[in-house]
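A short worksheet on the structure shown next.
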Number of protein chains: 2
Amino acid sequence: MPSSNIVPPARFSAQARLRALQSDIMELILDRELEPGDALPTENELCIALGVGRNTLRESLKVLQALGVIEIRHGFGMFVAPSNFEALADGLIFRARLSLRHHGLEALQLVDVRQALESGLIGSSMDLITAEQLAGIEESVVRMEELAAAGESFVDADSDFHSRLFEPLNNELLLNLLGVFWKVYRRIHTETGAGAEDLAAVAALHRNVYTAVAAGDKARAAQELTRHFDGIRRRISDAVAE
Amino acid sequence: MPSSNIVPPARFSAQARLRALQSDIMELILDRELEPGDALPTENELCIALGVGRNTLRESLKVLQALGVIEIRHGFGMFVAPSNFEALADGLIFRARLSLRHHGLEALQLVDVRQALESGLIGSSMDLITAEQLAGIEESVVRMEELAAAGESFVDADSDFHSRLFEPLNNELLLNLLGVFWKVYRRIHTETGAGAEDLAAVAALHRNVYTAVAAGDKARAAQELTRHFDGIRRRISDAVAE
DNA sequence: CGGTAGCGGATGTCCCATGTCCCCTGAGCG
DNA sequence: CGCTCAGGGGACATGGGACATCCGCTACCG
């Protein structure tokens with residue numbers, strides 16, 4: 001029985017305590033009205049303020065960093081971070097790879113979600129698109145076609161194309177989510193070999209999407225996107241079957 | 001210049017090393033073909049296998065736990081976890097609360113994404129829905145109406161309604177994402193007070209959605225959902241303005 | 001034969017020492 | 001007078017050890 005021990009403070013499960021600690025740190029940020037870019041107290045100050053050891057604190061800190069809540073700069077300090085979904089991507093990539101060992105279920109679900117997002121929002125994006133942004137999209141298509149003609153893979157240009165497509169919406173969360181899906185897809189892509197794809201055909205599909213967007217034909221744009229996703233789904237199914 | 005030092009192992013940035021360590025752990029799981037529920041090696045074994053100290057390892061382990069990749073049970077061991085999006089929710093809740101201090105931009109973006117998902121996928125879900133599932137949806141609506149009549153808030157029933165709506169798709173990723181959005185929304189809801197909402201009107205909106213779904217009218221279902229989201233958007237704007 | 005106390009192993013928390021990195025400052029130079 | 005770069009100091013990174021806590025299993029005792 002700790003007589004003078006001040007801190008046997010309501011022992012919950014370890015897991016709950018860690019989560020509480022993370023919440024405390026986030027509350028502290030909100031309470032002090034820190035903005036993205038502002039510095040947090042040093043590790044030692046936080047240890048004292050929150051009444052935990054440095055290691056325990058650091059474990060929570062690392063989690064918050066992975067969640068994109070804070071940014072840790074070695075040797076300088078910790079700061080409230082701008083958006084960052086890297087960690088989510090890693091988690092999803094892991095799940096997707098795990099599922100590819102079986103039936104690729106999670107990978108296919110991911111394509112479904114991405115399709116709903118892209119097909120569902122392409123219309124709104126087309127309402128807001130500027131001539132300049134449209135030109136940027138075509139540029140991506142051209143780059144894909146060039147790479148396809150040269151027989152080189154063009155994952156970057158492909159990713160670029162889809163980013164630009166939804167840039168007009170000015171929705172960072174959406175772009176982040178799509179970015180995550182892209183990262184997962186890219187991983188699956190290299191994982192499954194996928195060398196046998198028809199580059200020219202893929203480039204042509206994107207050209208079709210561009211044409212529909214440029215013409216302002218929302219229904220056709222959504223439809224062309226859907227065809228694109230059907231191709232992706234087929235490739236995943238093939239990879240799992242093999 | 002470390003002469004006899006065996007391990008000056010290609011110093012990258014600290015952040016990169018931590019990420020690499022996480023990847024290594026995930027690779028190890030995939031290499032050993034561990035399934036969800038299987039036990040990982042103990043901390044000490046991993047320390048040796050990966051050549052890092054226990055503290056460093058634990059920081060990565062905690063991150064993986066937060067990402068829902070592994071599950072840590074105090075005093076027993078570590079296991080490959082089933083799906084878990086809790087961490088993502090916490091991160092998003094933080095972002096949303098942070099943004100509410102300004103213009104509520106991220107909160108509104110989140111509603112946009114959710115709307116795209118729900119409006120975009122309601123059609124596919126209606127293709128697959130069974131009579132039983134339909135009855136479950138109506139049950140949720142009835143519960144909401146009862147609670148509205150009693151003047152009580154019905155966040156749970158509301159959340160239930162939306163879950164059931166997309167249950168037929170059998171897409172865990174989607175349900176998880178929507179669950180995350182719900183959690184964030186619920187937090188915002190309590191955060192902004194939001195006591196002044198018209199319970200009966202909200203219940204009626206859901207009744208309209210149910211009616212359209214039961215009638216098999218996809219366009220109307222999507223439209224009713226959109227109206228629902230417009231209401232949410234308005235409430236967020238009001239909360240920020242005040 | 002059943003319940004329980006003890007044991008072994010694993011994780012949780014913490015401290016300390018040392019290494020590493022980054023920004024800031026000030027002296028030196030053009 | 002302004003620019004550049006080396007050094008200082010502060011802060012984070014890493015590793016190891018000690019002790020506390022928790023869980024499941026087993027062997028002892030009633």
Side-chain angles (χ1 to χ4, degrees), chain A residues 1-25 28 34 37-66 69-81, chain B residues 1-25 28 34 37-66 69-81:
Chain A
M1 242 153 287
S3 53
S4 62
N5 196 340
I6 311 175
V7 197
R11 293 283 171 190
F12 296 102
S13 87
Q15 207 150 326
R17 288 185 54 182
L18 196 64
R19 285 181 67 81
L21 187 52
Q22 290 167 29
S23 294
D24 286 347
I25 298 171
L28 185 141
L34 299 178
D38 288 354
L40 270 72
T42 69
E43 290 184 350
N44 277 317
E45 286 171 329
L46 283 177
C47 289
I48 297 170
L50 300 175
V52 297
R54 205 169 92 95
N55 260 319
T56 310
L57 175 73
R58 274 179 63 76
E59 283 170 6
S60 286
L61 250 19
K62 289 290 181 179
V63 170
L64 290 182
Q65 180 191 32
V69 171
I70 65 174
E71 184 187 342
I72 301 179
R73 287 162 68 180
H74 186 169
F76 189 46
M78 300 179 296
F79 305 83
V80 181
Chain B
M1 246 151 287
S3 52
S4 62
N5 195 341
I6 311 174
V7 197
R11 291 283 172 191
F12 299 102
S13 87
Q15 207 150 326
R17 288 188 52 179
L18 195 64
R19 288 181 64 81
L21 187 51
Q22 290 167 31
S23 295
D24 286 347
I25 297 171
L28 185 142
L34 299 178
D38 289 353
L40 270 70
T42 69
E43 289 184 350
N44 276 318
E45 286 171 331
L46 283 177
C47 288
I48 297 169
L50 301 175
V52 297
R54 195 162 95 102
N55 276 327
T56 309
L57 176 73
R58 275 181 62 79
E59 282 171 7
S60 286
L61 250 20
K62 288 292 179 180
V63 170
L64 290 182
Q65 181 190 30
V69 172
I70 66 174
E71 185 187 342
I72 303 180
R73 287 164 64 181
H74 185 171
F76 191 44
M78 301 180 295
F79 305 84
V80 181

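Contact annotation: the side chain of Leu46(A) approaches that of Met78(A) to within less than 4.5 Å [non-hydrogen atoms, C-beta and beyond]. With a 4.5 Å cut-off on side-chain heavy atoms, Leu61(A) and Gln65(A) do not count as touching. At least one side-chain heavy atom of Ile25(A) sits under 4.5 Å from a side-chain heavy atom of Leu57(A).
Minimum atom distance to the side chain of Asn55(B) is reached by dC15(C), of the listed dC15(C), dA13(D), dT21(D). Among the nucleotides dG16(D), dA13(D), dT11(C), the one closest to the side chain of Met78(B) is dT11(C).
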What's touching nucleotides 23-26 of chain C from the protein side, N or O pairs under 3.5 Å?
from    : atom 1 : to       : atom 2 : distance (Å)
dC23(C) : OP1    : Arg73(A) : NH2    : 3.0

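Evaluation of the side-chain contact (heavy atoms from CB on, under 4.5 Å) rule for Asn44(A) yields Thr42(A), Arg54(A) as partners, not counting sequence neighbours.
Here dC23(D) presents its P atom at 13 Å from CD of Glu71(B), a figure rounded to the nearest Å. Atom CZ in Arg58(B) sits about 17 Å away from atom P in dA13(D), given to the nearest Å. Put simply, CD on Gln22(B) is 13 Å from P on dA13(D), counting in whole angstrom units. One interatomic measurement links the two molecules: CG of Leu40(A) to P of dC12(D), which rounds to 9 Å at whole-angstrom precision. The distance between atom CG of Leu57(A) and atom P of dC12(D), rounded to the nearest whole Å, is 10 Å. Distance, Gln65(A) CD to dA13(D) C1': 12 Å, rounded to whole Å. As a whole-Å value, the separation of Glu43(B) CD from dT14(D) P is 16 Å. Protein atom CG of Leu18(A) is 15 Å distant from nucleotide atom P of dT11(C), rounded to whole Å.
For dG17(D), the OP1/OP2 oxygens have no side-chain nitrogen or oxygen of Arg54(B) closer than 4.0 Å. Close to dA13(D), at under 4.0 Å from its OP1 or OP2, lies a side-chain N or O of Lys62(A).
Using a 4.0 Å heavy-atom distance criterion, Ile72(A) is classed as a sugar-phosphate-only contact.
Tested against Leu40(A) for a side chain to side chain contact (heavy atoms under 4.5 Å, CB included), the candidates Ile72(A), Leu28(A), Ile70(A) yield a single pass: Ile70(A).
Contact annotation: side chain of His74(A) to base of dC21(C), donor-acceptor pair absent below 3.5 Å.
Both Asn44(B) and Thr56(A) lie close to DNA chain C; mapped to their nearest nucleotides by heavy-atom distance, the more 5′-ward contact belongs to Asn44(B).
Residues Val63(A) and Lys62(B) approach most closely at CG2-O, 3.7 Å, considering heavy atoms. Here the shortest heavy-atom pairing between Thr56(B) and Leu18(B) reads O-CD1, 4.3 Å.
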